[in-house]
Amino acid sequence: MAAPKRGRSASAQSKPGRTLALILIAIVALTGGMFLSGHTTPRLGIDLAGGTSITLEAKAEQGSAINKANMDTAVDIMNRRVNGLGVSEAEVQTQGDRNIIVNIPKGTNSKEARDQVGTTAKLYFRPVLAQEATGPAAATSPSPSASGSSKASPSPSASKSGSTGEKATSSSSPSASATSQGRAVTDALKADSTPSASASASSSASPSASAPASTAPSDAQAKLQAQYTALDCSKKAQRTTAGEGAKPGDTTLGCGQSSGVWYKYLLGPAAVDGTEVKKAQAVFDTQNASGWQVTMTFNSKGAKKFADVTGQLSKNTQPQNEFGIVLDGEVVSSPYVNSAITGGNAQISGSFTQDEAQNLANMLSYGALPLSFKEQSVTTVTAALGGDQLHAGLLAGAIGLLLVVFYLVAYYRGLSLVAMASLLVSGILTYVLMALLGPAIGFALNLPAVCGAIVAIGITADSFIVYFERIRDEIREGRSLRPAVERAWPRARRTILVSDFVSFLAAAVLFIVTVGKVQGFAFTLGLTTVLDVVVVFFFTKPLMTLLARRTFFASGSKWSGLDPKSLGAKPPLRRTRRPAAPAHTKEA
């Protein structure tokens with residue numbers, strides 16, 4: 001029974017080179033992936049790169065509960081808003097049950113960030129009074145009313161056969177001419193200010209349907225007309241301020257983009273609030289072959305409002321038979337209406353791709369978010385301070401690493417080469433994985449994470465020390481180096497696994513129960529603990545097996561750290577046959 005076991009051990013010992021080759025190939029592959037991805041440095045957190053940290057507390061509105069689903073939706077909204085600032089490497093995450101932390105590194109203007117993320121997402125359905133393409137692309141746009149390719153209908157079954165959902169070009173669209181454009185806008189504003197238009201939130205732009213043409217526009221109407229005429233939505237500065245500060249009951253301006261062309265809108269008072277949308281989702285219509293659509297379900301209050309406004313809009317000419325879906329001041333879609341939509345269900349169909357339909361459905365859902373947020377704190381860290389902290393953290397890590405190396409050289413001598421090579425492999429793997437995890441899962445290296453990496457140096461060195469001491473114990477028992485390496489491994493392996501499991505468990509618990517920057521420490525500690533197991537099993541042990549075959553270590557050189565005399569070894573163990581027991585005659 002012993003012979004097969006020795007055969008398996010010999011086979012396992014004869015292939016340490018293959019194990020070393022595997023881990024080296026893995027390192028080369030990960031490093032190549034890091035360079036190919038273009039992310040060659042770890043992503044830095046706000047405390048190292050500098051920037052703005054905003055803490056927001058959720059407040060329930062209209063008796064709604066603060067739950068995980070609503071908080072996750074709010075995180076998605078704020079992520080989109082921060083991305084709208086053109087900021088890369090931003091972090092938006094929940095903290096506890098009702099707090100959200102927004103970290104925007106690299107010195108982003110804190111006031112602009114607070115304005116973008118500190119308010120509740122608001123979505124309204126506003127009637128379109130006038131619209132026009134703006135910017136350089138306006139000249140190549142087929143029609144001023146082509147800002148979207150969607151329509152609203154009562155239900156999929158109510159859609160007319162052959163309808164494409166494209167907005168039809170109409171001569172009633174505002175002209176590009178300044179004179180005709182100003183007249184159309186003036187008529188729309190007059191119509192919107194009449195009692196009948198206020199009740200329906202929309203009206204025809206023709207003079208006959210509005211106030212008498214001789215009625216001069218009010219100062220507010222004249223100002224709004226001038227703002228609409230001067231508005232160029234292709235310019236970001238004008239786009240972000242269009243309709244700023246407008247209340248739901250005000251006539252306002254808005255911008256929207258379709259097919260790469262920016263359009264400006266004159267929008268009437270809000271007819272339906274986004275909080276009255278119960279559900280919105282993107283679906284693919286397989287029955288009528290009309291492609292991707294967005295279905296909406298309103299609550300009872302919203303269903304009545306939507307039926308009233310669509311009934312009025314369906315009587316108007318284009319573009320005043322359209323309603324703008326306005327999210328945080330941006331017109332995300334402007335479908336036209338063919339007939340009144342009753343029953344609380346609506347469908348927006350057109351030339352949507354799957355992503356476009358899903359994005360519109362998400363925006364409609366965002367508008368129904370029943371939460372507001374109160375700003376708790378705003379912390380600004382300068383890039384200079386972050387750089388000083390990073391420098392101090394790296395200096396502390398370098399000092400700790402040098403102290404460990406000095407100890408290993410003084411105590412283990414030749415064996416310190418194995419330890420330093422293992423530390424180098426562990427360091428390379430840690431750096432590469434941190435660089436790759438930044439774009440992959442949003443991992444940011446903050447100051448607590450640097451502390452976790454420094455602590456990991458001691459944990460990794462501890463695993464080598466456990467193995468080396470087991471080998472030296474075997475040598476003290478009188479065994480030569482090659483059998484000592486193999487006999488010491490099972491015992492050391494058990495101790496290393498138990499120790500690393502306890503460290504990983506502590507890191508996992510810390511990561512789960514804490515929030516914010518402490519999670520960076522826990523994540524780094526857990527990552528380096530897992531890498532410690534990988535390095536010890538796939539690098540340190542195979543490397544020791546190979547070195548045990550070299551004369552410098554096998555002969556027990558004084559500088560190898562494995563000198564039997566220095567270790568107080570016993571005489572070599574010799575196998576002796578046990579004397580046979582004397583035979584006793586069996587008593588009768």
Side-chain angles (χ1 to χ4, degrees), residues 34 39-55 87-91 93 95 101-110 113 377-410 419-420 422-439 441-464 503-504 506-507 510-511 514-532 535:
M34 179 184 70
H39 300 278
T40 56
T41 57
R43 181 180 171 213
L44 298 181
I46 187 173
D47 53 352
L48 298 181
T52 303
S53 178
I54 306 171
T55 303
V87 179
S88 59
E89 302 177 353
E91 298 175 356
Q93 58 187 2
Q95 183 184 53
I101 296 180
V102 183
N103 291 329
I104 308 175
K106 298 186 178 179
T108 301
N109 183 277
S110 60
S377 64
V378 178
T379 304
T380 301
V381 180
T382 64
L385 179 59
D388 292 342
Q389 291 177 336
L390 178 60
H391 177 75
L394 294 177
L395 181 62
I399 293 174
L401 182 61
L402 285 176
L403 291 176
V404 170
V405 169
F406 286 151
Y407 171 79
L408 292 173
V409 171
M420 286 187 286
S422 301
L423 284 172
L424 179 62
V425 171
S426 179
I428 293 174
L429 285 174
T430 302
Y431 181 89
V432 171
L433 286 177
M434 285 183 176
L436 291 174
L437 290 175
I441 64 173
F443 171 75
L445 184 65
N446 52 25
L447 195 58
V450 174
C451 295
I454 295 173
V455 172
I457 296 174
I459 295 176
T460 304
D462 183 63
S463 299
F464 308 150
S503 297
F504 183 81
L510 193 63
F511 183 84
T514 60
V515 293
K517 296 179 181 179
V518 181
Q519 285 185 328
F521 172 83
F523 182 85
T524 307
L525 183 61
L527 176 65
T528 51
T529 301
V530 173
L531 290 179
D532 175 46
V535 171

For a side-chain contact (heavy atoms from CB on, under 4.5 Å) with Leu429, tell me which candidate from Leu531, Val530, Leu424 qualifies. Leu531
Taking the side chain from Gln93 and the backbone from Ile101, do they hold a donor-acceptor pair closer than 3.5 Å? no
Straight-line distance of Leu401 CG to Phe406 CZ, nearest 0.5 Å: 10.0 Å
I need the Asp532 CG to Leu423 CG distance, nearest 0.5 Å. 9.5 Å
My understanding is that only residues two or more places apart in sequence, or in another chain, count here; which of them pass side chain to side chain donor-acceptor pair (under 3.5 Å) with Thr430? none
Look up atom CG in Leu433 and atom OG1 in Thr528, then write down how far apart they are to the nearest 0.5 Å. 11.0 Å
So, for Thr460 and Ser426, which heavy atoms are closest and what is the spacing to 0.1 Å? OG1-OG, 4.2 Å
Could you report the tightest heavy-atom contact between Ala507 and Gly526, atom names first, then the distance? CB-N, 3.7 Å
Rounded to the nearest 0.5 Å, how far apart are CG of Leu527 and CG of Leu437? 6.5 Å
Can you give me the closest heavy-atom contact between Met34 and Leu436, atom names plus distance? CA-CD2, 3.6 Å
Which heavy-atom pair separates Tyr431 from Pro42 by the least distance, and what is that distance? CE1-CD, 3.6 Å
Atom pair CD1 (Ile459) and CD1 (Ile454), whose distance is rounded to the nearest 0.5 Å: 12.5 Å
For Phe504, enumerate each residue passing the ring-ring contact (aromatic ring centres under 6.0 Å, His included) test, keeping only those at least two apart in sequence or located in another chain. none
Scanning both residues in full, the closest heavy-atom pair of Gly397 with Ile457 reads O-CD1, 4.0 Å
Restricting to non-hydrogen atoms, name the atom on Gly452 and the atom on Thr524 that form the minimum distance, rounded to 0.1 Å. C-CG2, 4.0 Å
How many angstroms lie between atom CZ of Phe464 and atom CE of Met420, to the nearest 0.5 angstrom? 11.5 Å
Which residues satisfy the ring-ring contact (aromatic ring centres under 6.0 Å, His included) test with Tyr407, sequence neighbours excluded? Tyr411
